[in-house]
S.K.: 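Before anything else, here's the structure in question.
Just so it is clear: chains get the letters A, B, ... in the order the sequence lines come, proteins before strands, and each one is counted from 1. Basis for what follows: all heavy atoms, side chains included, without hydrogens, waters or symmetry-related copies. The structure displayed is predicted, hence computed values, not measured ones.
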Amino acid sequence: MSKYVSKMSELKKELDEKPSVLKGNYSHKDWWDLPVEFHDGNWCFPGKPEVLQELGFANPRKWAATDADWQLPSDWKKTISEGLQSRLKQYRSMKLFLDSCIRCGACADKCHFFLGTGDPKNMPVLRAELLRSVYRNDFPLVEKILKGFSGARKLTPEVIKEWHMYFNQCTECRRCSVFCPLGIDTAEITMLVRELLNLIGVNNNWILGPVANCNRTGNHLGIEPHTFVQNIESLADDIKELTGANVSPTFNRKGAEVLFITPSGDVFGDPGVYTMMGYLLLFHHIGLDYTISTYASEGGNFGMFTSNDMMKKINAKMYHEAKRLGVKWLLGGECGHMWRVVNQYMSTMNGPADFLEQPVSPVTGTRFANAAATKMVHIAEFTADLIHHKKLKLDPKRNDHLRTTFHDSCNIARGMGMFEEPRYVLRNVCNTFHEMPENTIREKTFCCGSGSGLNAEEYMEIRMKGGLPRAHAVKYVKEKHKVDSLVTICAIDRASLTPLMKYWNPCVAVYGLHELVGNALIMDGEKKRTTDLRENTMAGFEDGGDDEE
Amino acid sequence: MNTTLVHFLDANKNVILQQWLDSTLAIFPERMGSGTPVSEVFSVALEKILSELDNCDNNCRTALDDVTRILAIQTFQPSKALSMFLELKKILRQMMRKSNVADISIQEDVFSRIDLLILDAFDSYMSHREKIYQLKVEEGKRRVFMALRRVEA
């Protein structure tokens with residue numbers, strides 16, 4: 001026997017003495033005996049009956065997670081069982097993910113929810129086990145072999161409650177997948193379980209409300225075309241007042257070269273609107289021939305957190321509108337899950353977009369070969385290319401009032417593999433940039449804790465716990481380098497990191513990357529700039545300062 | 001602070017700290033594991049609090065704030081959260097008995113300091129709870145604002 005094998009006495013000592021999350025008050029119980037308790041702060045309000053009716057979703061009713069009886073349909077077990085079996089046939093990846101886990105535990109301490117809550121069921125391996133245990137029980141042969149030693153169990157209403165709790169404490173960020181030696185994608189397991197839960201009416205209004213709005217008007221907020229236009233025009237007015245630049249976006253213009261699609265949070269949310277102002281300044285600066293659609297008025301896609309069919313339906317408007325307007329290619333704004341959908345699912349779901357051309361930057365001539373299939377370019381790549389070719393007049397000193405760090409958005413980093421482009425842009429538009437610790441950035445980035453439709457205000461306590469690892473990393477650079485600005489390229493991040501910072505790291509503000517681009521751009525014929533796009537005074541540019549250098 | 005007390009705390013600092021950390025992490029129903037962000041924060045903060053027990057200055061208050069910020073978002077009751085300071089009293093009482101620190105005035109001195117800490121921790125805990133509700137209200141207000149914009153447009 002190898003000399004490195006642990007002795008039995010050492011293992012016993014380890015088990016008895018080492019602190020473990022599986023001990024504490026529940027040390028004598030199996031993991032499935034741990035109670036599931038809903039109370040204020042740990043559940044999201046369920047979908048409103050009228051929202052479900054609008055979408056044609058199952059089991060519209062008034063209920064709450066704290067109710068003893070969730071009013072499940074009478075045949076709910078059959079629905080879940082058949083739903084699982086049909087999906088296992090449809091998605092071979094799912095069967096692979098369920099069968100191949102060897103429970104090595106490499107994922108266990110990688111999940112931000114596990115780190116923030118200490119709850120063992122938030123270890124990705126155990127969260128997936130919540131489904132896997134039912135899957136085992138559902139298949140007679142597997143059950144015969146494994147039952148009794150592998151944790152197969154019956155489907156009960158308690159299991160449904162457990163699924164609802166823990167698959168809503170997963171933001172589909174896929175950090176665990178980076179460390180999985182078998183490449184199991186826990187996000188897809190969460191997506192599958194949420195889809196199954198929707199079949200019996202167990203859901204979340206913060207997801208389904210935007211889905212219904214998107215289905216009706218094209219964007220999460222349910223904004224109608226005239227209001228959408230009005231808001232962007234008011235941002236153009238603000239730009240004129242602040243910079244003197246006369247940006248003039250067009251809407252639904254046929255024959256434009258580029259269709260620009262961004263999350264509606266950029267059009268209406270604070271601080272997203274400042275990022276939108278940055279895009280408008282950039283496009284005006286380079287004279288881009290672009291248009292914005294009031295129908296494809298949302299980059300985000302909460303269908304991804306609901307069902308594959310809904311994701312496909314909501315996504316379809318991008319290509320529909322590109323075809324209707326006769327544009328050559330698509331340019332997409334700063335968003336997280338939008339890019340997972342676009343980069344990994346769009347061309348399969350709704351493509352091929354053979355009516356579009358492979359994107360080519362009209363300013364630099366760069367051919368974006370990576371977007372050959374989707375015909376959609378990420379704004380950070382587009383801007384990085386412009387900077388690389390020295391096509392932008394920038395004054396990074398205009399961001400000297402900010403000491404920045406960069407938060408990699410999960411879906412951009414792990415879903416697209418984009419790490420350097422946003423950093424390249426950031427380094428060129430500001431002078432002070434510090435990285436957070438290595439194990440919290442790039443492909444190992446920590447989630448904001450509120451992604452995948454969990455950004456509900458009633459869920460604040462869980463969000464603060466889930467966001468703790470990210471906040472912890474920001475605190476590190478705040479204390480070490482006096483960082484006061486957290487820059488990101490995701491609309492949900494901008495919305496959710498703001499309260500996260502207010503709670504864990506007061507005095508750290510959240511910015512979109514293109515807001516800083518907008519601050520730094522030197523526009524032709526601009527008036528003297530003294531404030532940034534938020535109307536905060538820029539260091540060294542106060543009245544009497546010099547911005548002409 | 002009484003010199004005997006200072007010596008006692010110095011001599012037993014590591015043991016007291018470890019016991020206090022263990023009992024505090026055990027408040028969490030799942031018992032927080034070492035290496036988690038929560039246990040890291042607690043381990044640094046409790047040391048600061050203990051070493052500045054005689055004079056809770058800004059450093060000590062920041063540490064107290066770090067601890068209560070975590071406690072304020074947990075599922076257990078506020079009373080259970082702040083029981084961590086009663087645990088410290090319990091630990092000190094046992095250690096003093098073992099170390100034959102029999103002087104009542106010394107015990108009263110240290111316990112009254114912990115009582116003051118509890119009051120500070122209560123204020124701090126409440127400010128974090130209020131912050132959570134403030135964040136909820138801010139998000140709720142934003143949603144109402146958006147709904148109004150849609151109606152008014």
Side-chain angles (χ1 to χ4, degrees), chain A residues 18-27 34-35 37 39-42 108-109 112 114-122 209 213 217 221-224 226-228 230-231 268-270 455-465 468-469 471-473 475 495-496 498-500 502-504 506, chain B residues 18-19 21-45 59 62 65-66 68-77 80-81 127-153:
Chain A
K18 200 172 169 187
S20 159
V21 287
L22 283 171
K23 295 187 207 167
N25 296 346
Y26 306 109
S27 56
L34 303 184
E37 287 164 8
H39 46 74
D40 283 356
N42 82 346
D109 58 354
H112 54 288
F114 173 62
L115 292 172
T117 61
D119 188 333
K121 287 185 194 168
N122 273 328
N213 285 337
T217 66
L221 302 169
I223 303 296
E224 285 162 355
H226 58 291
T227 318
F228 190 78
Q230 195 183 55
N231 225 60
F268 287 89
D270 183 347
N455 209 5
E457 63 258 30
E458 67 272 15
Y459 210 47
M460 193 62 79
E461 283 89 339
I462 291 284
R463 288 167 52 193
M464 294 300 116
K465 288 187 200 176
L468 175 60
H472 215 50
K475 188 179 183 201
S496 64
T498 301
L500 191 76
K502 281 185 183 172
Y503 190 71
W504 293 111
Chain B
Q18 192 55 52
Q19 286 188 18
L21 183 63
D22 284 349
S23 65
T24 303
L25 292 177
I27 293 175
F28 294 79
E30 304 87 1
R31 180 168 174 158
M32 278 287 174
S34 59
T36 60
V38 171
S39 74
E40 274 178 35
V41 170
F42 274 66
S43 135
V44 174
N59 268 343
T62 307
D65 208 42
D66 288 344
T68 53
R69 191 177 274 122
I70 287 173
L71 294 173
I73 52 169
Q74 305 305 323
T75 52
F76 40 77
Q77 295 291 321
K80 188 169 180 186
S127 74
H128 297 311
R129 284 305 310 161
E130 280 170 16
K131 186 67 172 175
I132 286 288
Y133 282 94
Q134 190 189 340
L135 294 173
K136 287 183 183 185
V137 168
E138 278 174 16
E139 289 200 347
K141 271 163 81 178
R142 265 202 294 277
R143 278 200 314 144
V144 172
F145 173 74
M146 289 310 306
L148 284 175
R149 273 195 79 106
R150 278 168 55 192
V151 173
E152 286 166 2

S.K.: So how far is it from A/Tyr503 OH to B/Ile132 CD1, rounded to the nearest 0.5 Å?
M.R.: 4.5 Å

S.K.: Which atoms of B/Asp65 are under 4.5 Å from chain A, going by heavy atoms: the side chain, the backbone, both sets, or neither?
M.R.: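 Nothing of B/Asp65, per the 4.5 Å heavy-atom cut-off to chain A.
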
S.K.: Got B/Lys141 and A/Glu457 here, is their nearest side-chain heavy-atom distance under 4.5 Å?
M.R.: no

S.K.: Looking at A/Pro469, A/Ala495, A/Pro499, which one has more heavy-atom pairs under 4.5 Å with chain B than the rest?
M.R.: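 If we count pairs closer than 4.5 Å to chain B, A/Pro499 comes out on top.
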
S.K.: Evaluate the side-chain contact (heavy atoms from CB on, under 4.5 Å) criterion for residues A/Met460 and B/Gln134: first the C-alpha distance (whole Å), next the side-chain angles of each, then the deciding distance (0.1 Å), finally the verdict.
M.R.: CA-CA 10 Å; A/Met460 193 62 79; B/Gln134 190 189 340; over 6 Å; no

S.K.: For A/Asp40, is it the side chain, the backbone, both or neither that has a heavy atom under 4.5 Å from a heavy atom of chain B?
M.R.: neither

S.K.: For the pair B/Glu139 and A/Arg463, find out whether any cationic side-chain nitrogen is under 4.0 Å from an anionic carboxylate oxygen.
M.R.: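 Yes, this pair counts.
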
S.K.: Salt bridge between B/Asp66 and A/Lys475, side-chain N to carboxylate O under 4.0 Å?
M.R.: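 Counted as a salt bridge, because a side-chain N and a carboxylate O are separated by less than 4.0 Å.
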
S.K.: If you count heavy-atom pairs under 4.5 Å between each of B/Lys136, B/Glu40, B/Lys131, B/His128 and chain A, which one has the most?
M.R.: B/Lys136

S.K.: Got more than 12 heavy atoms from elsewhere within 6.0 Å of CG, B/Asn59?
M.R.: yes

S.K.: Check this for me: does any side-chain nitrogen of one of B/Glu138 and A/Lys502 sit under 4.0 Å from a carboxylate oxygen of the other?
M.R.: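 The answer is yes: the pair qualifies as a salt bridge.
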
S.K.: When rounded to the nearest 0.5 angstrom, what is the spacing between CG in A/Leu468 and CD1 in B/Ile70?
M.R.: 6.0 Å

S.K.: Are B/Thr75 and A/Lys465 close enough that some pair of their side-chain heavy atoms sits under 4.5 Å apart?
M.R.: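 B/Thr75 vs A/Lys465: side chains touch.
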
S.K.: Given that the side chain runs from C-beta out, which part of A/Ala456 has a heavy atom under 4.5 Å from chain B: side chain, backbone, both or neither?
M.R.: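 For A/Ala456, the contact with chain B is made by the backbone alone.
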
